[in-house]
Amino acid sequence: WLRAASEKGHSTAQMNLAIHLLCQDENDPTAAEWMQLAASQEPKAAFYMGDMYRRGVSVAEDLEEAAKWFRRSADRGFFPGFTELGLLSFATGDFEEAAKLFEA
């Protein structure tokens, strides 16, 4: 039923299907496809996309892309997006941006 609901466009189902696929195989490219679809509606899915790009899971590692997804998540009110964006800013040497994010 998870795949059927995902195919009908239910974003929570898409996110959960992506997570299920990642649990079976971290390199499954369809997991990223489902998560990206879900991220258009779900801030938590946008956060997960950022994490996938940060760690190189199901997609090529790309810290700039990770930051974009964390920002999308944070901009839609998902607090962990702010935290990860701050940590990523700190890790890449953008201390001023990291400080702003940690103060927020």
Side-chain angles (χ1 to χ4, degrees):
W1 67 266
L2 196 55
R3 186 170 297 275
S6 296
E7 289 169 352
K8 289 181 180 180
H10 295 283
S11 58
T12 302
Q14 292 167 339
M15 180 178 68
N16 288 329
L17 178 58
I19 292 168
H20 175 75
L21 292 170
L22 287 172
C23 287
Q24 293 177 351
D25 178 5
E26 284 192 351
N27 296 313
D28 185 342
T30 60
E33 293 169 13
W34 285 115
M35 192 67 77
Q36 189 167 1
L37 285 171
S40 67
Q41 298 292 319
E42 299 285 337
K44 190 174 188 177
F47 173 83
Y48 287 147
M49 279 301 302
D51 190 52
M52 290 165 69
Y53 274 105
R54 181 179 57 83
R55 297 184 308 125
V57 173
S58 185
V59 294
E61 184 178 316
D62 184 336
L63 296 182
E64 286 183 30
E65 193 66 22
K68 289 178 191 176
W69 285 104
F70 287 139
R71 171 65 67 192
R72 287 181 192 175
S73 174
D75 287 348
R76 292 179 11 216
F78 192 66
F79 185 76
F82 285 104
T83 304
E84 287 301 319
L85 191 56
L87 291 170
L88 192 57
S89 296
F90 186 83
T92 58
D94 190 349
F95 304 119
E96 187 174 325
E97 179 67 13
K100 287 179 192 175
L101 288 161
F102 289 132
E103 288 175 358

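Every heavy atom of this structure was used, including side-chain atoms; hydrogens, water molecules and symmetry mates were not.
Using a 4.5 Å cut-off between side-chain heavy atoms of Ile, Leu, Val, Met, Phe, Trp and Tyr, with links allowed through other members, Phe82 and Phe47 fall into the same hydrophobic cluster. When hydrophobic clusters are built by joining Ile, Leu, Val, Met, Phe, Trp and Tyr residues whose side-chain heavy atoms come closer than 4.5 Å, directly or via intermediates, Leu37 is grouped together with Leu2. By the criterion of side-chain heavy atoms lying less than 4.5 angstrom apart, applied directly or through intervening Ile, Leu, Val, Met, Phe, Trp or Tyr residues, Ile19 is not grouped with Trp1; the two fall into different hydrophobic clusters. When the side chains of ILVMFWY residues are joined at heavy-atom separations under 4.5 Å, either directly or via intervening members, Leu63 and Val57 end up in a single hydrophobic cluster. Tracing side-chain contacts under 4.5 Å through hydrophobic residues (I, L, V, M, F, W, Y), one reaches Phe79 starting from Leu88; they form part of the same cluster.
In terms of heavy atoms, Ser11 sits closest to Glu42 at OG-OE2, 2.9 Å. Of all non-hydrogen atoms in Pro29 and Ser58, the two that sit nearest each other are CA-OG, 3.7 Å. Taking each heavy atom of Leu87 and Phe102 in turn, the nearest pair found is N-CZ, 3.6 Å. Here the closest heavy-atom approach between residue Glu97 and residue Ser89 is recorded as CG-OG, 3.5 Å. For the pair Ala32 and Val59, the tightest heavy-atom approach, listed with the atom from each and the gap, is CB-CG1, 3.5 Å. When all heavy atoms of Ala18 and Trp34 are compared, the pair lying nearest together is CB-CB, 3.9 Å.
In this structure, CE on Met52 lies 9.5 Å from CD on Glu26, to the nearest 0.5 angstrom. The CD atom of Glu64 sits 9.5 Å away from the OG1 atom of Thr92 when rounded to the nearest 0.5 Å. Between the CG atom of Leu85 and the CG atom of Leu101 there is a distance of 5.0 Å, given to the nearest 0.5 Å. Note that CE of Met49 is 7.0 Å distant from CD of Glu65, once rounded to the nearest 0.5 Å. To the nearest 0.5 Å, the span separating CG on Leu17 from OG1 on Thr12 amounts to 12.5 Å. One distance of note links CZ of Phe78 with CZ of Phe70; it measures 10.5 Å at 0.5 Å rounding.
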Might you work through the side chain to side chain contact (heavy atoms under 4.5 Å, CB included) test for Met35 and Met15, ending with a clear yes or no?
CA-CA 5 Å; Met35 192 67 77; Met15 180 178 68; 3.8 Å; yes

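Environment of CD in Gln24: crowded, with over 12 heavy atoms of neighbouring residues, nucleotides or ligands closer than 6.0 Å. Taking a 6.0 Å sphere around CD of Gln41, one finds it holds 12 or fewer heavy atoms contributed by other residues, nucleotides or ligands.
Contact check for Lys68 versus Asp62: no side-chain heavy atoms found under the 4.5 Å cut-off.
The side-chain hydrogen bond (donor to acceptor under 3.5 Å, both in side chains) search around Arg76 returns none, not counting sequence neighbours.
The main-chain N or O of Pro43 is found under 3.5 Å from a side-chain atom of Ser73 such that the two form a donor-acceptor pair.
Note on ring orientation: taking the six-membered ring where Trp is involved, the planes of Tyr53 and Trp69 are parallel (angle under 30°, cut-offs 30° and 60°).
Checked for salt-bridge contact, Lys100 and Glu103 miss the test: no charged N lies under 4.0 Å from a carboxylate O. The pair Arg54-Asp51 meets the salt-bridge criterion, since a charged nitrogen lies less than 4.0 angstrom from a carboxylate oxygen.
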